[in-house]
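Taking it in order: structure first as structure tokens, then the write-up.
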Amino acid sequence: PRYSFEVIYNGILLPEYEEGTKENYREGYINVAIVAILYDLEIKGMKYLLQAMKLLKDQGKKFILHHIGGGEYLEYFKKLAVELGIGDICIFYGSCDRKTLYEIVNEMDFVVSASLVECSGVSVQEAMLLGKPVLGTNSGGVDSLVPEQAGHIVEKANAKALAEGMEYMRENLGTYDREWIRAYARTSFEMSNISRKYAELYARVMDEK
């Protein structure tokens, strides 16, 4: 409590990808991506996100969820989507190379992070480097990464809150400045800028000794 703190985020390499033809984008829907390795049943909040998708479908809201990532519980969640009656609006790509990942994310309307615990959130940083607004949960890392101008934060482990957050994003998509998000992410996360911040901090600390 006696000390001031300065946050320097993880450095991220700029995404390298080719502009796609929206071959993964489903017209007539709001297309949402989540990038998550499903190594656990709880941490990435996938079950709450799928429940949120069911709530939205039952309300007649038209969303498509695109999941990118592998993990030992991938098949479990694919089966759960079918059991919930949302198999038709959930696309599971499995593990993808980075270029393909960025190309899919670049087609999306926004990105969601539903984690219960997230120390940083590299996929969120990468999404903002692509200019994508983010719906996140108060999981620790993500809510500190995403300013109000770049997205919306909701309660973790809460399907209703996620569903309401997705509807909020749909209603406010036109208010997000994609170039502002991209510029913010470059300043805050891009590797060369982060390296410069570390060098400046080191020089300042040495001067104060």
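Comment: Glu126 does not engage Lys132 in a salt bridge, judged by the lack of any side-chain N to carboxylate O separation of less than 4.0 angstrom. For Lys61 and Glu167, the salt-bridge test passes: some basic side-chain N is under 4.0 Å from an acidic carboxylate O. A salt bridge does not link Glu200 to Arg204: none of the charged nitrogens lies less than 4.0 Å from a carboxylate oxygen. In summary, Lys78 and Glu75 engage in a salt bridge, as defined by a charged side-chain N under 4.0 Å from a carboxylate O.
Considering all non-hydrogen atoms of both residues, Arg178 and Gly131 come closest at CD-O, 3.0 Å. Closest heavy-atom contact between Asn106 and Glu19: ND2-OE1, 3.0 Å. Residues Pro133 and Phe110 approach most closely at O-CB, 3.3 Å, considering heavy atoms. Scanning both residues, Gly165 and Val154, for their nearest heavy atoms gives CA-CG1, 3.9 Å. Minimum interatomic distance between Val124 and Val146 (heavy atoms only, all atoms of both residues): CG1-CG2, 3.7 Å. The nearest pair of heavy atoms linking Cys90 to Leu50 is SG-CD2, 3.9 Å.
Here the straight-line distance linking atom NZ of Lys156 with atom OG of Ser113 works out to 11.5 Å at 0.5 Å rounding. Atom CG of residue Asn31 and atom NZ of residue Lys62 lie 11.0 Å apart, to the nearest 0.5 angstrom. For the atom pair Glu72 CD and Leu41 CG, the distance stands at 8.5 Å (nearest 0.5 Å). Once rounded to the nearest 0.5 Å, the distance linking CD1 of Ile64 with CD1 of Ile86 reads 10.5 Å. The distance from the CD1 atom of Ile30 to the CD1 atom of Ile89 is 12.5 Å, given to the nearest 0.5 Å. Summarising the geometry, atom OG belonging to Ser188 is positioned 11.5 Å from atom CD1 belonging to Ile8; distances are rounded to the nearest 0.5 Å.
In the hydrophobic clustering of this structure, Ile104 groups with Val122; members are Ile, Leu, Val, Met, Phe, Trp, Tyr whose side-chain heavy atoms approach within less than 4.5 Å, directly or through other members. No path of Ile, Leu, Val, Met, Phe, Trp and Tyr side chains, each step under 4.5 Å between heavy atoms, connects Leu74 with Val82, placing them in separate hydrophobic clusters. Hydrophobic clustering (ILVMFWY, side-chain heavy atoms < 4.5 Å, transitive): Tyr29 and Ile68 are in one cluster. Tyr168 is connected to Met128 through a chain of hydrophobic side-chain contacts under 4.5 Å among Ile, Leu, Val, Met, Phe, Trp and Tyr, so both are in one cluster. Connection of Tyr9 to Met191 is not established within any shared hydrophobic cluster, with ILVMFWY side chains joined at heavy-atom distances below 4.5 Å, either directly or through further cluster members.
Contact check for Asn24 versus Ile91: no side-chain heavy atoms found under the 4.5 Å cut-off. For the pair Arg186/Leu14, a side-chain contact is recorded, criterion being any heavy-atom separation below 4.5 Å from C-beta on. Residues Tyr102 and Cys96 are not in side-chain contact: their nearest non-hydrogen atoms beyond the backbone lie 4.5 Å or more apart. Between Glu42 and Lys47 the shortest side-chain heavy-atom distance falls below 4.5 Å. When side chains are defined from C-beta on, Ile12 counts as touching Leu129, because their heavy atoms get closer than 4.5 Å. Using a 4.5 Å cut-off on side-chain heavy atoms (C-beta onward), Arg98 and Glu16 make no contact. Side-chain contact check for Ile34 versus Val111: every heavy-atom pair is 4.5 Å or farther apart. Side-chain contact between Met46 and Leu65: present, with at least one pair of heavy atoms (C-beta onward) separated by less than 4.5 Å.
Shown here are the side-chain hydrogen bond (donor to acceptor under 3.5 Å, both in side chains) partners of Gln149, two or more places apart in sequence or in another chain: there are none. Taking Lys44 as the reference, Glu118 meet the salt bridge (Lys or Arg N to Asp or Glu O under 4.0 Å) condition, with sequence neighbours excluded. Among residues two or more places apart in sequence or in another chain, the side-chain hydrogen bond (donor to acceptor under 3.5 Å, both in side chains) test is passed with Lys57 by Asp88. For Tyr176, the ring-ring contact (aromatic ring centres under 6.0 Å, His included) test picks out no residue, with sequence neighbours left out. Take Thr187 and apply the side-chain hydrogen bond (donor to acceptor under 3.5 Å, both in side chains) test, not counting sequence neighbours, and it matches no residue.
Checked by atom type, the side-chain pair Asp109/Tyr25 shows a donor-acceptor distance below 3.5 Å. Under 3.5 Å, the side chains of Ser123 and Gln125 contain no donor-acceptor pair of N or O atoms.
Within a 6.0 Å radius of CG in Leu116, other residues, nucleotides and ligands contribute more than 12 heavy atoms. When the shell of 6.0 Å around CZ of Arg196 is examined, it contains more than 12 heavy atoms from other residues, nucleotides or ligands. By the neighbour-count criterion of 12 heavy atoms within 6.0 Å, atom CD of Glu171 is densely surrounded, having more than that number from other residues, nucleotides or ligands.
At distances below 3.5 Å, at least one donor-acceptor pair connects side-chain atoms of Glu190 with backbone N or O atoms of Asn193. Judged by distance alone, the side chain of Ser115 and the main-chain N or O of Gly45 form no donor-acceptor pair under 3.5 Å. Between the side chain of Asn172 and the backbone N or O of Thr175 there is no donor-acceptor pair closer than 3.5 Å.
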Item checked: Audit row: Lys22, Glu27, salt bridge (charged side-chain N to carboxylate O under 4.0 Å, His left out) steps and yes/no -> CA-CA 9 Å; Lys22 285 206 167 186; Glu27 295 294 340; 5.7 Å; no

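Legend: ring pair (Phe, Tyr, Trp, His ring centres under 6.0 Å) pairs involving residues 33-82, not counting sequence neighbours, sorted by first then second residue: His66-Tyr93, His67-Phe92.
Only one option out of Leu135, Leu145, Asp143 pairs with Ile153 in a side-chain contact (heavy atoms from CB on, under 4.5 Å); it is Asp143.
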